[in-house]
Amino acid sequence: MKQKLESLLLHAVETLKADGILERELNPKINIERARDQLHGDFATNLAMMLAKPAKMNPRQLAEKIIVALATDKAVTKVEIAGPGFINFFIDPKAQYQIINTIHQQGNKFGLSQLGAGKKVQVEFVSANPTGPLHVGHGRGAAYGSAVAELLAAVGFEVEREYYVNDAGRQMDILATSVWLRYLEECGEVLTFPSNGYRGDYIREIAANTHRESSNEYRHPVTLVFEEIPADEPQGGDKDKHIDALIARAKTLLGDKQYHDVFQTGLNGILADIRQDLSEFGVDYQQWFSERQLMDDGSIDEALTRLRDAGHIYEKEGATWFASSQLGDEKDRVVVRENGQSTYFASDIAYHMNKLDRGFDQIINIWGADHHGYIPRVKAAMQALGADTEKLKVLLVQFAVLYRGGEQVQMSTRSGSFVTLRQLRNEVGQDAARFFYVMRKSEQHMDFDLKLATSKTNENPVFYVQYAHARVCSVLKQLAEKGLQRDIPAGEENLDKLTAEQEVALVSSLTRYPEVVERAAVQYEPHLLINYLRELAAEFHSYYNAHQFIVDDVAIRNARLNLIYSVKQVLANGLNLLRINTPESM
RNA sequence: GCGCUUGUAGCUCAGCUGGAUAGAGCAUCGGCCUUCUAAGCCGAGGGUCACAGGUUCGACUCCUGUCAAGCGUACCA
């Protein structure tokens, strides 16, 4: 419909040019939007106001001329000038009603498109360090990232979902050592757990499993383990020196092979948990990409060599630096430390080189907002590698600030005091959690009161949308119980009987669905889809209360049933896209 | 200090990429179930869109400045 109006207007502009009213060189962008108010018809354009100045006419006069030049079209019943110079179009309801038939034909394919034309897009999200279970902060990235991925897939992109596993670095050593110390406790050793170790219960579980499976294989007496280890902070020492010494001790006492075993046990245990958690949350990945692999297969060396060859690398104070400040970053960054170890950033350069080599047309990184300062250096690295930085899109997700009954909940993986995603899912339910996370714009700071979310689950808007779906199902069930059947062709023939205010509104909303999906996908804003579903549900509930569907008049009955069936279909399509269930009864 | 993000109803948030009278949920108040699910509907009150300038036919939306909040500003990951 929009396209049709656009071409009508383009023709009108050409006519005016031919008549000498408009200058030949003018090439206006035709802007057509849906009218917000029904009084203003269905669509409106601001064309006359845009052209008023170059044409040296007042907008309303020009609008009149445009309308005169406009070719007539069956679907357009009325065109009028309004306000400062809007041209409003009123569309024949009959043309709009066709959407109901379209929805019947396309079913769960309605709303899908080929906009993406099969372009390859990678969406990397969550990628939380595997040092503990996912907490509610990660949940937002998980829900948002998967919604973005699903939307892109729906509009025809070939999407690959990826989780970057930070399985290298000091944090992981701390994790391995924490597991080992808990394991020693399982063996019966008595020790003071380092203040900087991971204290969560999940570490004890992993340690207990290890002990069950391997008995005392990794056991060493505590006296040996802590011999000449610098004091921990609570004992007046330095917590970092303390834990680093313990890591080194673990490596010597266990040897490479056994240390690696313990390390791997910890990593696998947590990763398995994360994987299961996400899968249960409706988030599935095609790829789990290991940071350690980049080190082992020489990718990091290769990336640095490429940067060096391109003249972006220099040595200073014993370290190796990437001259990112010349490519838009605030300052240069270390890639290889004085001690010879590469930095996390070096891994990330290699990782992005790898992504580029995999031939994606678009690379989307979804990061926590606390990483925003990181964007310029990654873009700088991509540019230095000779890539188009436009290929990379970083979407930031603000963290939710957690409250419990008005009091802020502090979260720290290290101390083990945090609310896990799993707890949240169990408390508020799968659908509510997903819906809630995606409901708000991703860059919006979010307050999340757990007490409110858990105590008043009925107020969660997800039920409102699901309820609309269930109500339609219920009507269709009632129909069968009354020995009646939905006559689809009869409904199609009588769509013009749908003249009630609520019916017109619903039909108009149904026609919007494909546009909403496209917009939500292209702008990476799944909350637009949520808003749409809430509006559609509201219009349906309103309709439900105002009119009876199973009426004696066969023509009206079937027309109405076709309409509400279409509503159910679109609600289901939208909820499915968001991986939210569509209950048939509630 | 500098940078990024945000500031809209009592609270939590939308506002369709510059359009017509700024919307919804919760909370408050008043109505609607002997007929398809009341997890619903109908209605009322509630706003200096942080503040001040600017850009133009028109600004919650764009620009500048001020104020406030969160985050960042490592040879941590």
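Letters A, B, ... are given to chains in the order of the sequence lines, protein chains preceding strands, and every chain is numbered from 1. Since this is a predicted model, take the numbers as computed values, not measurements.
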L424(A) versus Y437(A): any side-chain heavy-atom pair under 4.5 Å? yes
Check every strand shown and say whether H469(A) touches a base, only sugar-phosphate, or nothing at a heavy-atom separation below 4.0 Å. nothing
Ring pair (Phe, Tyr, Trp, His ring centres under 6.0 Å) with H547(A): which of Y543(A), F549(A), Y544(A)? Y543(A)
Could you tell me whether the side chains of S542(A) and Q502(A) share a donor-acceptor contact shorter than 3.5 Å? no
Which residues pass the ring-ring contact (aromatic ring centres under 6.0 Å, His included) test with Y513(A), not counting sequence neighbours? F110(A), Y532(A)
Examine the side chains of H352(A) and N365(A) and answer whether a donor and an acceptor come within less than 3.5 Å of each other. yes
Could you say whether M172(A) or S474(A) is positioned toward the 5' end of RNA chain B, judged by the nucleotide with the nearest heavy atom to each? S474(A)
Whole-Å gap separating C1' (C16(B)) and CD (Q523(A)): 8 Å
Spell out protein contact along nucleotides 55-63 of chain B as letters: B when the base is contacted, S when just the sugar-phosphate is, - when no protein heavy atom is under 4.0 Å; keep the 5' to 3' order. --S------
Counting primed atoms plus P, OP1 and OP2 as sugar-phosphate and everything else as base, spell out the protein contacts along nucleotides 5-12 of chain B at 4.0 Å heavy-atom distance: B, S or - for each nucleotide, 5' to 3'. BS-----B
G19(B) base / N46(A) side chain donor-acceptor hit below 3.5 Å: yes
Quick one: do E503(A) and K497(A) satisfy salt bridge (charged side-chain N to carboxylate O under 4.0 Å, His left out)? Show the steps, please. CA-CA 10 Å; E503(A) 289 164 342; K497(A) 299 224 163 40; over 6 Å; no
If we take the P atom in both G72(B) and G65(B), what is their distance in whole Å? 24 Å
Can you check the distance between G40(B) and C33(B), where both ends of the measurement are the C1' atom (answer in whole Å)? 10 Å
Counting distance only, does the side-chain N/O of N558(A) pair as donor-acceptor with the main-chain N or O of D487(A) below 3.5 Å? yes
Remember a base hit wins even if backbone is also touched, and classify A35(A) as base, sugar-phosphate or nothing at under 4.0 Å, heavy atoms. nothing
With a 4.0 Å cut-off on heavy atoms, is Y344(A) in touch with a base, just the backbone sugar-phosphate, or nothing at all? base
Base, sugar-phosphate, or nothing for R34(A), non-hydrogen atoms under 4.0 angstrom? nothing
Checking contacts here: which listed nucleotide (G40(B), C75(B), A77(B)) is nearest the side-chain heavy atoms of H541(A)? G40(B)
Has the side chain of D173(A) got a donor or acceptor that lies under 3.5 Å from a partner of the other kind on the base of A77(B)? no
Is the backbone of F90(A) close enough, under 3.5 Å, to the side chain of D42(A) for a donor and an acceptor to pair up by distance? no
Which part of the nucleic acid does A82(A) contact within heavy-atom distance under 4.0 Å: base, sugar-phosphate only, or nothing? base
Just how far, in rounded Å, is P of A77(B) from CG of D240(A)? 12 Å
How far apart are the closest heavy atoms of L294(A) and S347(A), and which atoms are they? CD1-O, 3.5 Å
Under the side chain to side chain contact (heavy atoms under 4.5 Å, CB included) test, residues paired with A468(A) that sit two or more places apart: A537(A), F540(A), H541(A), L571(A)
Taken to the nearest whole Å, CG/N531(A) to P/C16(B) is 11 Å
Closest to the 5' end of RNA chain B, once I87(A) and S542(A) are matched to their nearest nucleotides, is I87(A)
Is it true that a side-chain atom of R434(A) and a backbone atom of I580(A) form a donor plus acceptor pair closer than 3.5 Å? no
We want to know whether T582(A) and Q466(A) form a side-chain donor-acceptor pair, criterion being a heavy-atom distance below 3.5 angstrom. no
Students often get this wrong, so: under 4.0 angstrom with heavy atoms, is A546(A) touching a base, only sugar-phosphate, or nothing? nothing
For N88(A) and A20(B), give me the distance from atom CG to atom C1', rounded to whole Å. 9 Å
Nucleotide C41(B), atom P - distance to CD of Q502(A) in whole Å: 12 Å
Exactly one candidate in F345(A), W321(A), F322(A) meets side-chain contact (heavy atoms from CB on, under 4.5 Å) with V334(A); the answer is W321(A)
Y543(A) atom OH is separated from C42(B) atom P, nearest whole Å, by 15 Å
Could you tell me whether H527(A) contacts a base, only the sugar-phosphate backbone, or nothing, with contacts defined as non-hydrogen atoms closer than 4.0 Å? sugar-phosphate
Applying a 4.0 Å non-hydrogen cut-off, can you work out what S347(A) is touching in the nucleic acid: base, sugar-phosphate, or nothing? nothing
Hydrogens and angles aside, do S195(A) and E233(A) bring a side-chain donor and acceptor to less than 3.5 Å of each other? no
Expressed in whole Å, how much space separates the C1' atoms belonging to G23(B) and A14(B)? 7 Å
Taking O4'-C1'-N9-C4 for purines and O4'-C1'-N1-C2 for pyrimidines, is C13(B) syn (within 90° of 0) or anti? anti
For F549(A) and U35(B), give me the distance from atom CZ to atom C1', rounded to whole Å. 13 Å
Touch check for H40(A), heavy atoms < 4.0 angstrom, all strands: base, sugar-phosphate only, or nothing? base
With a 3.5 Å cut-off and no angle check, do the side chains of D431(A) and N581(A) form a donor-acceptor pair? yes
N494(A) and R557(A): side-chain donor and acceptor closer than 3.5 Å? no
Roughly how far apart, to the nearest Å, are U28(B) and U48(B) at atom P? 23 Å
Looking only at side-chain atoms of A44(A), point me to the closest of A20(B), A77(B), C36(B). A20(B)
Ignoring backbone atoms, test whether R471(A) places a side-chain nitrogen or oxygen under 4.0 Å from the OP1 or OP2 oxygen of A38(B). yes
Which value, in whole Å, describes the distance between the C1' atoms of nucleotides G30(B) and U56(B)? 45 Å
Closest to the Q548(A) side chain, choosing from G19(B), C36(B), C41(B): C36(B)
Can you find a side chain N or O atom of Y464(A) that sits less than 4.0 Å from OP1 or OP2 on C41(B)? yes
Separation of atom CG in N545(A) from atom P in U35(B), rounded to whole Å: 13 Å
Please work out the stems of RNA chain B from pairs that are Watson-Crick or G-U wobble with both distances under 3.5 Å, keeping only runs of three or more consecutive pairs. B:1-7 with B:67-73, B:10-13 with B:23-26, B:28-32 with B:40-44, B:50-54 with B:62-66
Pick base, sugar-phosphate or nothing for Q466(A), based on heavy-atom distances below 4.0 Å to the nucleic acid. nothing
Side chains of D240(A) and N196(A): donor-acceptor distance under 3.5 Å anywhere? yes
Looking just at side-chain N and O atoms, do T45(A) and N31(A) make a donor-acceptor pair shorter than 3.5 Å? no
Note: contacts of residues 328-339 of chain A with RNA chain B (heavy atom, under 4.0 Å) are E330(A), K331(A), V334(A), R337(A), E338(A)
Stacking of Y544(A) on G40(B) base (centres under 5.5 Å, planes under 30°): no
Is a donor-acceptor contact shorter than 3.5 angstrom present between the side chain of H372(A) and the base of G3(B)? yes
Please work out if Y374(A) contacts a base, only the sugar-phosphate, or nothing of the nucleic acid, heavy-atom cut-off 4.0 Å. base
